[in-house]
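The next block holds one structure in the form of structure tokens; read it before the comments.
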Amino acid sequence: MSTEKVVVSNYQEMAARAAEIVLQRMQEKPKLVLGLATGSTPLGLYERLVESYKMGKTDFSQVTTFNLDEYCGLAKNHPQSYRYFMDKYLFSGVNIDYRRVHFPSEVEDGDEYEQKIMEAGGIDLQILGIGRNGHIGFNEPGSDFKSRTRVVDLTEMTIKDNARFFTQPAEVPRQAVTMGLATIMDAKEILLLVSGSGKAAVMERLMMKKPSVDVPASVLHSHTKTTIIVDKKADGGQRDLPSSL
Ligand code: F6R
């Protein structure tokens, strides 16, 4: 396995390092297939990708994207939908071809999403954030490592964490459709971004644990090419990956 942990000083540096990697991969392969995450963590990365495009350094016209997840029951143009988020923070700022933009909520079922990923040649680079409970995508603790794209119930912690984006907690959807852990693991390369003291506890659990369904992100320890870019606040000065992993 080759999971590399890169500790950077702060959020901005994390975003800059992530952008460097994504832009380099796009240069190597203009038809790159990108797996994308929403949430606050990748915002700085997306900002830098838009910046690079606006400076004429990057071309998204042949890039294909697959988003990790989406709430169930929110319209595409709902301000809290992940589709809306991606339009706002990335797609509207670059020359992406919307025919190559994919969301798991915009297909018949999980199998069709998996099929589309396969037809695109698989995901070259998957961007991930991590939840305080160790989730990636909406794969909550207890999710099967063999899971594929499917509809899931959200945990109370995730509903609570996401409530800040809605006017009332009752408005937070209770279900989402997400790529599964096995879908994520099929990506050729993975970039997990972790920032802020709120993630320090889960980061410590992630680094200490052998793969366990209690911390879904720990499945990444078995991936062949994963880079974890973590800032000092989230790393909490923790040790490196145990060499046995
Ligand atoms: C979002 C997603 C989630 C987030 C995670 C962290 O598409 O898949 O797993 O990455 O909840 O969210 P933030 O970055 O807001 O802390």
Side-chain angles (χ1 to χ4, degrees), residues 10-12 14-15 18 34-47 65-72 74 76 78-91 101-106 110 113 117 123 125-143 147-166 172-185 187 190-203 205-206 213 215-220 226-231 233-235:
N10 54 37
Y11 179 83
Q12 297 303 335
M14 179 199 72
L34 265 177
L36 297 173
T38 59
S40 48
T41 313
L43 280 175
L45 160 65
Y46 297 153
E47 204 180 304
T65 65
F66 286 93
N67 262 81
L68 265 177
D69 46 12
E70 176 62 287
Y71 287 121
C72 290
L74 291 191
K76 238 169 141 169
H78 187 289
Q80 294 311 329
S81 76
Y82 288 174
R83 174 67 195 236
Y84 184 93
F85 175 103
M86 292 308 306
D87 280 343
K88 181 169 174 187
Y89 294 109
L90 181 63
F91 300 151
V101 165
H102 303 277
F103 276 78
S105 48
E106 291 171 18
Y113 205 54
I117 294 173
I123 291 172
L125 177 61
Q126 176 68 54
I127 309 299
L128 293 177
I130 185 171
R132 288 191 301 135
N133 62 4
H135 75 210
I136 47 176
F138 272 123
N139 296 284
E140 303 285 16
S143 297
S147 56
R148 293 261 160 208
T149 306
R150 68 207 184 286
V151 171
V152 293
D153 295 327
L154 305 188
T155 63
E156 280 311 312
M157 183 187 266
T158 299
I159 292 168
K160 213 172 125 209
D161 277 355
N162 292 352
R164 66 186 193 274
F165 302 116
F166 291 81
V172 187
R174 265 43 188 175
Q175 284 192 319
V177 53
T178 182
M179 282 187 200
L181 293 172
T183 320
I184 293 169
M185 287 293 280
I190 296 176
L191 203 51
L192 171 64
L193 308 180
V194 194
S195 170
S197 52
K199 299 288 171 69
V202 74
M203 188 62 201
R205 290 177 72 207
L206 173 65
V213 294
V215 182
S218 66
V219 71
L220 300 175
T226 288
T227 307
I228 305 174
I229 307 182
V230 54
D231 67 14
K233 281 192 179 154
D235 189 53

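What you see is a predicted model, and the numbers here were worked out from it, not measured in a lab. Note that ligands are numbered from 1 as they come in the structure, with each ligand's atoms numbered from 1 the same way.
Applying the ring-ring contact (aromatic ring centres under 6.0 Å, His included) criterion to F85, with sequence neighbours excluded, gives Y89.
Atoms of ligand 1 lying under 4.0 Å from any heavy atom of S40, numbered from 1 in the order shown and given with element: 13 (P), 14 (O), 15 (O), 16 (O). Less than 4.0 angstrom separates some heavy atom of G39 from each of these atoms of ligand 1: 14 (O), 15 (O). Interface atoms of ligand 1 facing G129, defined by a heavy-atom separation under 4.0 Å, are 10 (O). Close approach of ligand 1 to D69 is summarised as follows: ligand atoms under 4.0 Å from at least one heavy atom of the residue are 1 (C), 2 (C), 7 (O), 8 (O). The atoms of ligand 1 that sit less than 4.0 Å from any heavy atom of L68 are 8 (O).
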Exercise for the section: Assess whether side-chain contact (heavy atoms from CB on, under 4.5 Å) is satisfied between R83 and V101, documenting all intermediate values. Expected result: CA-CA 10 Å; R83 174 67 195 236; V101 165; 4.0 Å; yes
Practice task
Give the C-alpha distance, both sets of side-chain angles, the deciding distance and a yes or no for side-chain contact (heavy atoms from CB on, under 4.5 Å) between L128 and L220.
Solution key: CA-CA 11 Å; L128 293 177; L220 300 175; 3.9 Å; yes
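Atom 1 (C) of ligand 1 has as its closest protein heavy atom T38 OG1, 3.2 Å. Scanning all protein heavy atoms for the shortest distance to atom 3 (C) of ligand 1 gives G137 O, 3.7 Å.
If you check each of N139, I130, L36, T41 against atom 6 (C) of ligand 1, the one with the closest non-hydrogen atom is I130. Looking at E70, H135, M86, it is H135 that brings a heavy atom closest to atom 5 (C) of ligand 1.
Ring geometry for F103 against F91 counts as perpendicular: the plane angle is over 60°, on a 0 to 90° scale with 30° as the lower cut. Between Y82 and F138, the ring planes lie parallel to each other; the angle is under 30°, not in the 30° to 60° tilted range.
A pairwise comparison of heavy atoms in T41 and M14 identifies O-CE, 3.7 Å as the closest pair.
Residue Y82 has no N or O atom closer than 3.5 Å to an N or O atom of ligand 1. The N/O atoms of P42, backbone and side chain alike, include none that comes under 3.5 Å of an N/O atom in ligand 1.
Side-chain contact of R150 with N139: a donor-acceptor pair under 3.5 Å is present, judged by distance alone.
In this structure, Y11 contributes its side chain and G44 its backbone to a donor-acceptor pair below 3.5 Å.
At a 4.0 Å cut-off, at least one heavy atom of K199 sits close enough to ligand 1 to count as contact.
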